[in-house]
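So the structure is just underneath, and the comments pick up after that.
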Amino acid sequence: MSRRWWVALGAAGLLAACSDSTTVFVPDGDEPAPPVGVEASYFNRAVRVTWELSPQWRGETFRVWSRRVGAGDFLLIAEVTSCADGFCEYTDTNIQPNTSYEYFVSAFDPDTGLETDSFEQPVVDVPSFDAPPAPNGLEVIALDNANFLRWADNARAVSDFANYRVYLIDPGSGQRVLLGETDSEGFLDLVAVNGVTVTYVVSSVDVWGHESEVGAQASGTPRPDFTGELLFAFEDVPGQSGFRFRESDAADPVVSGTSPLRHFRLEADAFGWWIVPGPGAAVFPEGRFTTALKCGPAADEGCVDWTVAPTSGYTTADLRVDQEFTYMLRVPGDDGELHYGAIRVSILGTDQSGNAIMIFDWAYQLQPGNPNLAPAGG
């Protein structure tokens with residue numbers, strides 16, 4: 001089909017020419033008005049062609065035409081007979097990677113056989129269909145009524161990487177169910193419940209919408225415990241940034257970062273993650289590298305812990321913390337006496353919304369003044 005380009009005529013003509021070469025169509029009663037604002041864009045192995053109805057539209061159908069750039073005549077690829085709220089679209093999936101395509105849309109009156117082409121003729125560059133690599137090393141850390149997922153950043157090696165998609169595996173059908181998306185290598189599943197095992201997979205997506213295969217599966221089972229405690233940074237979620245050592249798991253240790261009952265709160269900035277002592281509390285200014293909060297009878301041969309707190313040298317200054325380090329605190333207990341507590345940081349990172357988080361295990365000595373610590377309040 002040859003394109004029909006309209007030129008400006010006089011008062012009785014079909015078109016009125018505007019300045020700067022913009023052409024406006026004025027129907028004479030027979031010619032259908034052309035589509036308005038034709039655009040085309042690529043996403044995930046398809047080109048989406050859109051346009052709007054002209055104010056002079058009289059119910060004509062539309063024809064979508066396409067060709068490879070510099071490859072001969074346009075070909076009719078679709079007819080569109082209905083639009084929604086004055087907006088029309090067509091999705092072209094018959095495309096090849098690394099190829100450029102031209103489009104235009106015409107208004108066609110089947111009663112008269114008259115057809116009017118759009119003035120716009122957008123060009124779309126279709127990229128390679130290659131997706132990013134699947135994420136490696138998925139790991140699930142079980143928390144109390146939550147699971148934290150983390151994985152390697154190998155998908156970022158491609159320049160057009162955009163984000164990740166996190167799926168859970170439906171235990172009945174085995175099908176993947178989209179749980180959420182994130183642009184970081186971490187995801188906090190707050191839908192998980194204690195005692196229920198959840199299996200996850202993760203894929204990567206590029207800016208063009210190409211999605212990778214999923215990586216290897218990993219599972220987690222949330223459980224109530226003094227391990228896997230989660231705090232948000234005060235700057236991001238202040239209501240869940242404070243912590244108070246408790247004598248039993250019947251009371252929630254997570255409090256507001258402004259609560260006068262807090263023993264410390266978590267803060268984060270460009271320099272790292274910090275524990276900030278609360279009213280009456282103090283922290284020992286140095287942490288120790290450990291492999292566990294406490295090395296019990298079944299611990300590995302190389303297990304390293306720190307279970308006796310120093311009895312002096314504490315400070316109320318903020319302390320920057322690192323992963324796999326244990327830190328000692330001296331805090332006022334519910335009895336008004338000073339008690340010792342320990343936290344071991346297992347993860348410092350961010351959730352899918354970019355909120356800074358800390359996941360840690362903790363122990364608290366119920367006897368005032370006793371520096372010997374064991375998990376679960378012993």
Could you tell me which non-hydrogen atom of [X] sits nearest to which non-hydrogen atom of [Y], and how far apart they are?
| X | Y | result |
| --- | --- | --- |
| Asn370 | Gln365 | O-CG, 3.1 Å |
| Glu286 | Trp306 | O-CH2, 3.7 Å |
| Val140 | Leu149 | CG2-CG, 4.1 Å |

Classify the angle between the aromatic ring planes of Phe245 and Phe243 as parallel (below 30°), tilted (30 to 60°) or perpendicular (above 60°). perpendicular
Below 4.0 angstrom, N of the basic side chain to O of the carboxylate: do [X] and [Y] qualify?
| X | Y | value |
| --- | --- | --- |
| Arg67 | Glu102 | yes |
| Arg320 | Asp318 | no |
| Arg244 | Asp334 | yes |

Between the side chains of [X] and [Y], is a donor N or O closer than 3.5 angstrom to an acceptor N or O?
| X | Y | result |
| --- | --- | --- |
| Trp362 | Glu229 | yes |
| Ser204 | Ser212 | yes |
| Asp269 | Trp274 | yes |
| Asp305 | Thr307 | no |

Side chain proximity check, Arg262 to Pro279, heavy atoms < 4.5 angstrom: yes
Does the separation of the ring centres of [X] and [Y] fall below 6.0 angstrom?
| X | Y | answer |
| --- | --- | --- |
| Phe43 | Trp208 | no |
| Tyr167 | Tyr164 | no |
| Trp51 | Phe62 | yes |
| Phe74 | Phe104 | yes |
| Tyr340 | His263 | no |
| Phe234 | Phe232 | no |

Working to the nearest 0.5 Å, report the span between [atom1] of [X] and [atom2] of [Y].
| X | Y | atom1 | atom2 | value |
| --- | --- | --- | --- | --- |
| Ile357 | Thr350 | CD1 | OG1 | 7.0 Å |
| Ile359 | Gln323 | CD1 | CD | 9.5 Å |
| Ile275 | Tyr327 | CD1 | OH | 7.5 Å |
| Glu31 | Thr116 | CD | OG1 | 4.5 Å |
| Asn355 | Leu231 | CG | CG | 13.0 Å |

Phe360 six-ring centre to Arg344 NZ/CZ under 6.0 Å and within 45° of normal: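 Judged by the rule, Arg344 and Phe360 form no cation-pi pair.
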Before you tell me yes or no, could you show the steps for Arg68 and Tyr101 under side chain to side chain contact (heavy atoms under 4.5 Å, CB included), namely the whole-Å CA-CA distance, both residues' side-chain angles and the distance that decides it to 0.1 Å? CA-CA 4 Å; Arg68 294 188 182 185; Tyr101 292 88; 3.7 Å; yes
Apply side chain to side chain contact (heavy atoms under 4.5 Å, CB included) to the pair Val201 and Ile169, showing each step before the final yes or no. CA-CA 8 Å; Val201 290; Ile169 305 299; 4.0 Å; yes
Could you check Leu319, Thr316, Val276, Ile343 and say which one makes a side chain to side chain contact (heavy atoms under 4.5 Å, CB included) with Val283? Leu319
